[in-house]
Amino acid sequence: MRGYYRKAASYGVFRKAEPETLGKADLMVRVRFAPSPTGYLHLGSARTALFNWLFARGQGGSVVLRIEDTDVGRSSREMEEAILFDLRWLGLDWDEGPDVGGPHAPYRQSERGEIYREHAALLEEKGLTYPCYCTPEELQEKKERALSEGRTPIYDGTCRELSSARRRELEEQGRRPAVRFRVPEREVSFQDLLHGFVRFPPDSIGDFVLIRSDGRAGFHLAGVVDDATMGITHVIRGEDHLTNTARHLLLFDALGYTPPMYLHHSLLLGPDGGKMSKRHGATAVREYREMGYLPQALTNYLALLSWSPPEGREVLDLQELLELFDIGDLSSSPAVFDRERLDWLNGKHIRRMSLSEVVEAARGFAPEWSGHALFPVMVESVLDNITTLGDLPRYLQTYGTKAPPDEKTAEWLRGEVAVRVLEKAADILDRRELADLESAREVVGELKRAFAEKDVKPREILMPLRVALTGKDHGPGLHYLLYVLGKGECLRRLRQALAGSDA
RNA sequence: GGCGCAUUAGUCUAGUUGGCCUAGGACGCCGCCCUCUCAAGGCGGAGAUCGCGGGUUCGAAUCCCGCAUGCGCUACCA
């Protein structure tokens, strides 16, 4: 479903291949992230933010961060801070926002009540609004009745034409009205930058609430007013907002503002095909960070849902993503979140970083080891085994106390060859120092050479040594084991094994 | 129920001006190689009647129509 992008060029989006259009100041791109601080940053929101960011930065445009906290009951400052933190952790940044300020401050909807009231007043003057006294219970009942009778469950317009006497009466009952928008009976259509021409027939939209009975602007009014007054040029959001766009366009029109360009990207689905939610497991960026996923792996993976890079280069950090990403190449069908593919990417990124970077990132995940002088060596030794930093402690256990081998593993210690190998290993160690990784490597080499001509397979030489040292039949390379454990400890373990206490 | 969007292997996708598609790549799976082990890496394999049914055409995953399925919206949530 690609292609609308090119068609959409006349609507103000342009390919990177047409840099000449970038010079036009009136086409300066401004996008926004508009998270609702009702919980931790969701993977889906992060993906939306990523798309916005990649698009804006790719076009040399600016990014506005706006907090949609009109639902005071569910929003909290704590969550707002957590969201900003997680967005930054992912590597995203913004030019204007509640924390950095900007020419269109404030950036929290809860602090923009006056602006919304002014706009609502303007609409009222034009006769485009009316107070609605229906209670939530009544509305719920209407909806259910409509549904059961097979009618469209949109607001039925009960309060649309109330007489002023009737209004007074209801007010006297103590009812506080919400303000509804008088939705005109006409078709609404627009060009979605991804879906192309979309149209909504008249009568498909009910009179929606502009101002809630508590006096606060609802999502539709607040969002439209903010997008208009903040000069947003492109609204990139999830497809769940596609239908809302009709409402928003109507409001832009009523308010006399020019609407932005819209692009609705596909949704992020859980493995069962439903919208990604808690029941599918971890959904918050924060949870993935805590499990040891890397920010560049997350942004990489999220971008790969609905988008694929040219030439098949799939392992990309944010910077590379920025260079290759083109919002017009997004696929319009929904994508299922696949943890295994994320794991693969995370492993790739871990192995792509420099050792010192991994070691720094790893510290918090292995506090019991990070103080060790040879911690970097330990990390290096298990680098190829881990998919997340959270796997570290499990693999590093090899360097801890030696547990007795299980029955099957202990077999490596039995037999004449094994005993001779262990004796020889102890002999070599006795004579040498394990000064560094290289000398440990030499010890392994010398041991192999000592048995090379005797028709003994490498594994018959080295597996007994491995088991004698760790009690396990798998783990980091032997040279790592020797070096990290140290000469004294290695000799002690070898002698213990030779004494037969392991087998 | 209405409206909207979507529909290529278990998953993410390439494919858009119809023929180069006997449908390409990636994850996962299986096998081989490398290797002291586990991994990582390299190589190879299985896996898709391109949702279904019609039509247009010499020729359709690609165009048209219908149907089905999934998801979303239909809130004083965003």
Closest of B:rA78, B:rC3, B:rC12 to the A:L305 side chain is B:rC12
Contacts of A:Y395 meeting side chain to side chain donor-acceptor pair (under 3.5 Å) (sequence neighbours excluded), chain-then-number -> none
Paired with A:F181, the ring pair (Phe, Tyr, Trp, His ring centres under 6.0 Å) test is passed by just one of A:F208, A:Y130, A:Y155, namely A:F208
Ranking B:rA78, B:rA40, B:rU7 by distance to the side chain of A:D384, first place goes to B:rA40
Heavy-atom nearest pair, A:K472 first then A:T398, reads NZ-CA, 4.2 Å
Self-check item: A:R108 and A:E68: CA distance, side-chain angles, deciding distance, salt bridge (Lys or Arg N to Asp or Glu O under 4.0 Å) verdict
Solution: CA-CA 6 Å; A:R108 278 185 202 98; A:E68 305 225 326; over 6 Å; no
Closest non-hydrogen contact found for A:D192 with A:H264 is OD2-ND1, 2.6 Å
Between CZ of A:F219 and C1' of B:rC77 the distance, given in whole Å, is 9 Å
Among the nucleotides B:rU11, B:rG1, B:rA39, whichever has the atom closest to the side chain of A:V336 is B:rU11
Among the nucleotides B:rU37, B:rC76, B:rA26, whichever has the atom closest to the side chain of A:M463 is B:rU37
Heavy atoms of A:A228 and A:F252 approach each other most closely as CB-CE2, 3.7 Å
Ring centre gap for A:Y301 and A:H349 strictly below 6.0 Å:
no
Each nucleotide N or O in nucleotides 41-48 of chain B that has a protein N or O under 3.5 Å away: list the pair and distance.
residue: B:rG41; atom: OP1; partner: A:K348; partner atom: NZ; Å: 3.0

Base B:rA78 to side chain A:R74, donor-acceptor N/O within 3.5 Å cut-off: no
Testing B:rU13, B:rU11, B:rC76 for proximity to the side chain of A:A335, the answer is B:rU13
Full working for side-chain hydrogen bond (donor to acceptor under 3.5 Å, both in side chains) between A:Y133 and A:E138 | CA-CA 10 Å; A:Y133 297 88; A:E138 286 167 352; over 6 Å; no
Ranking B:rU74, B:rC27, B:rA6 by distance to the side chain of A:I154, first place goes to B:rU74
Which of B:rG28, B:rG1, B:rA78 is nearest the side chain of A:D71? It is B:rA78
Taking B:rG4, B:rC76, B:rU74 as options, the one with an atom nearest any side-chain atom of A:V198 is B:rG4
Side-chain-base donor-acceptor pair under 3.5 Å for A:S204 and B:rC3
no
B/S/- along nucleotides 62-73 of chain B (protein heavy atoms under 4.0 Å) is ---------SBS
Testing B:rU37, B:rA78, B:rU74 for proximity to the side chain of A:E68, the answer is B:rA78
From the candidates B:rA78, B:rA14, B:rC36, the one with an atom nearest any side-chain atom of A:H220 is B:rA78
